[in-house]
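Below: one structure, written as structure tokens.
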Amino acid sequence: MSDNLGRGEALPIFIGNVTKTYGKVFALDDVSLDVKQGEFMTLLGPSGSGKTTLLMVLAGFTRPDHGSLKFGDREVIRTPPHKRDVGMVFQNYALFPHMNVAANVGFPLKLRNVSGPELAERVEGALETVQLGGYGERGIDQLSGGQKQRVALARAIVFEPRILLMDEPLSALDKKLREHMQIELRHLHDKLGMTTVYVTHDQREALTMSDRIAVINHGKLMQLDEPRTIYDFPANTFVADFIGESTFVPVSVSGGKVSYDGTALQTATTPDGAGKYNLMMRPERLAFVSGKKPKDVNVFKGTVSELVFQGESFLMYADLSDGTQVAVRGATQKDAMANVPEVGAAVSLGLHKDDTVLIPDTGDLPA
Amino acid sequence: MSWFSKAASETQITHGSRVWLYILAGLVMVFLVAPTVIVIPMSFSESQYLEFPPRTWSVRWYEHYFASSEWMAATRTSVLVAFFTMLVATPLGVMAAYGLFVSNLRFAHLIFLLLISPMMVPVVLIAIGVFYVYAKLKMVHTVGGLVLAHSMLAIPLVLIVVSSALKSYDMNQEMVARSLGASRLRAFMVITLPQIRFALITSALLSFITSFDEVIVALFVSGGDNATLTRSMFITLRDQIDPTIASISTIMVLVSTSLLVMAQMFGQNKDGT
């Protein structure tokens, strides 16, 4: 990368069998995870899932019970936070209110004995990177939420760390600014090329920004994949339910053949062996079918039980013949809305075979 | 419209209906302040005895105070002890407050109560206890012993003032500083300390006053060459009624109030915001 500001190369991270317990509760349960050099990795999970604990292990503020942590070739599990050389951005920015913007951004440089014109130059450079050039003399309380976020970011990247950690950095911003900052952060990552580990509970944010997403729940790694794979082929019911909307329909599997309510289904993957499976139905992947059954599409018949207009989309609930309620979501352009049946009407719903994904039933279906 | 019928607050309560409150508040203030203030005119009396109001005015008792080597020695001891008490109690109290604030100890609350217990126990009990311990350790009548005893009384104040300042402090700042390359000590000194500096100054001044004004412990464990001002005043009062006491009191009131006013002024610059 020609405009890579990094002093050294970005470092890969190897997390090996990390376990952390608080009393009898496993905050992290034997988590192993590799983050590639220069990758944007998101730790995604509900609150209390252990994702922040894992980030604190990376930063050095939480010492796991056992496990290994390597930055590149260096084992750092016993290294104190200030010797790990990672940039970190906190949820509430944690800017130093008794220093102005330049002193905040210059803080890590001063600790590294940078002074004089070089200090000023690098501080201004970092501020320009986050589009706050010329803001150095401002006080912290003169900044808006978005600007504070940028200063916190500038402070974390100014010393060109090879690893950048971020703990829900955008959650305090309003929706529009947050979505804007997601794109901007991603561009910044591509420009600086540091290995980034990003914690969020917002699945859309994770899908937007990440190279790969590690979904964490109850201290365990549930799935590690690229955003599309996570969304299209969730490994288990938790991931399918946590990311995006979905309805689960129990199906029967025998001899590699899948059927629902007596009708054979075409599926994206063939389940190996028997066991119980659920069909995951994403509301936006269901389409209304009229007339002849199209090729490669599974058709489900039901009755409309509810129809809700939600602005950019509508949400419809339909009861299938066996009583399972499925959700259907569609765009609200005029043409599309003309085809939406009314409440009480019979409806045929089509699901393309590539979207017909089976999830092993592990008995933890959400209510 | 007269002042009495004007609204005194947003709720349209008039000053008239509040007159009783003003009178009550005024009386409370008079009772609180009068005993302190009354020594001031008394100290400027010409008389051999304490009298109020003075018939003739003079500064002879101030001259007597400043000319007396005994009073001067006692003053030096008091200032010295108060100063060292401040130097001992402030850092210890700050460390205790910080330690309890960042620890996840289940017993943190109990430790806090233990540390502020000198405030709850009658001082005379503490004085007796300290006296017996010091008698064994041969620390009675030493400046060091008095400093330690006074520090025990001052630490609770430091602890309370600094703890409440830390409550509004965002400890994430210290974590950020550490992740950016500062050691824990450095993060505390450069990031945390400057933001609780007003609480720090306030508690240092309070420590000083606690020692400077203290008499009961001083009665027991100070003495000889190291008698404090308050102790000497108390002893003198018992033997004779000398207006020198009034002049010393006036000076002490002046010193204490100006320190308290300073503490108050620093306290108003709110920490952590």
Side-chain angles (χ1 to χ4, degrees), chain A residues 22-23 52 55-62 76 79-99 103-114 126 139-141 148 151-161 163-169 172 197, chain B residues 90 94-95 97-110 161-204 265-273:
Chain A
Y22 292 104
T52 301
L55 196 76
M56 289 295 146
V57 168
L58 293 178
F61 293 112
T62 300
V76 294
T79 310
H82 65 280
K83 291 185 177 156
R84 292 198 178 189
D85 231 21
V86 298
M88 186 153 183
V89 181
F90 280 69
Q91 186 171 7
N92 63 352
Y93 323 132
L95 297 176
F96 309 137
H98 60 303
M99 302 178 178
N104 264 277
V105 177
F107 181 77
L109 293 177
K110 280 198 173 153
L111 291 169
R112 287 162 178 79
N113 298 318
V114 178
I140 297 305
D141 51 7
K148 284 181 185 170
V151 173
L153 191 64
R155 186 176 61 177
I157 60 172
V158 70
F159 61 106
E160 293 154 18
I163 293 170
L164 182 61
L165 307 176
M166 292 192 257
D167 185 11
E168 311 219 14
V197 180
Chain B
T90 312
V94 170
M95 284 194 270
Y98 179 81
L100 290 175
F101 181 67
V102 299
S103 83
N104 303 316
L105 275 183
R106 208 181 309 166
F107 306 115
H109 194 66
L110 282 178
V161 171
V162 175
S163 290
S164 78
L166 282 173
K167 258 177 207 138
S168 62
Y169 174 68
D170 172 21
M171 199 45 77
N172 275 345
Q173 288 181 40
E174 215 174 271
M175 282 170 81
V176 162
R178 288 164 66 195
S179 79
L180 295 174
S183 67
R184 190 155 195 176
L185 180 66
R186 186 148 184 189
F188 175 76
M189 299 303 271
V190 181
I191 302 301
T192 307
L193 213 50
Q195 293 184 61
I196 58 166
R197 63 186 182 276
F198 298 119
L200 206 72
I201 295 168
T202 305
S203 49
M265 276 163 53
F266 281 117
Q268 266 166 10
N269 291 298
K270 275 206 152 172
D271 280 316
T273 50

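Quick note: numbers below take in every heavy atom, side chains included, and nothing from hydrogens, waters or symmetry partners. In what follows, chains carry the letters A, B, and so on, assigned in the order in which the sequence lines appear, proteins first and then strands, with residues in each chain numbered from 1.
- Scanning for ring pair (Phe, Tyr, Trp, His ring centres under 6.0 Å) contacts around A:Phe90 gives an empty result, with sequence neighbours left out.
- Side-chain contact between B:Val176 and A:Phe96: present, with at least one pair of heavy atoms (C-beta onward) separated by less than 4.5 Å.
- The local environment of CE in B:Met171 is crowded, with over 12 non-hydrogen atoms from other residues, nucleotides or ligands closer than 6.0 Å.
- Looking at B:Ala177, both its backbone and its side chain come within 4.5 Å of chain A, counting heavy atoms on both sides.
- For A:Ala154, the side chain to side chain contact (heavy atoms under 4.5 Å, CB included) partners two or more places apart in sequence, or in a different chain, are A:Val105, A:Ala126, A:Leu127, A:Val130.
- Every residue meeting the side chain to side chain contact (heavy atoms under 4.5 Å, CB included) condition with B:Ala97, not counting sequence neighbours, appears here in chain and number order: B:Leu159, B:Val162, B:Ser163, B:Leu166.
- If you measure heavy-atom distances from A:Ile140 to chain B, you find no contacts under 4.5 Å at all.
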Present all donor-acceptor pairs from chain B to chain A with distances below 3.5 Å, rounded to 0.1 Å.
| unit_1 | atom_1 | unit_2 | atom_2 | d |
| --- | --- | --- | --- | --- |
| B:Asp170 | OD2 | A:Asn92 | ND2 | 2.9 |
| B:Asn172 | ND2 | A:Asn92 | OD1 | 3.3 |
| B:Arg178 | O | A:His82 | N | 3.4 |
| B:Leu180 | O | A:Arg112 | NH1 | 2.6 |
| B:Leu180 | O | A:Arg112 | NH2 | 3.3 |
| B:Val190 | O | A:His98 | NE2 | 3.1 |
| B:Gln195 | NE2 | A:His98 | ND1 | 3.2 |

Inset, instruction - Evaluate the criterion side-chain contact (heavy atoms from CB on, under 4.5 Å) for residue pair A:Met88 and B:Met175; output intermediate values, then yes/no. - result: CA-CA 9 Å; A:Met88 186 153 183; B:Met175 282 170 81; 5.9 Å; no
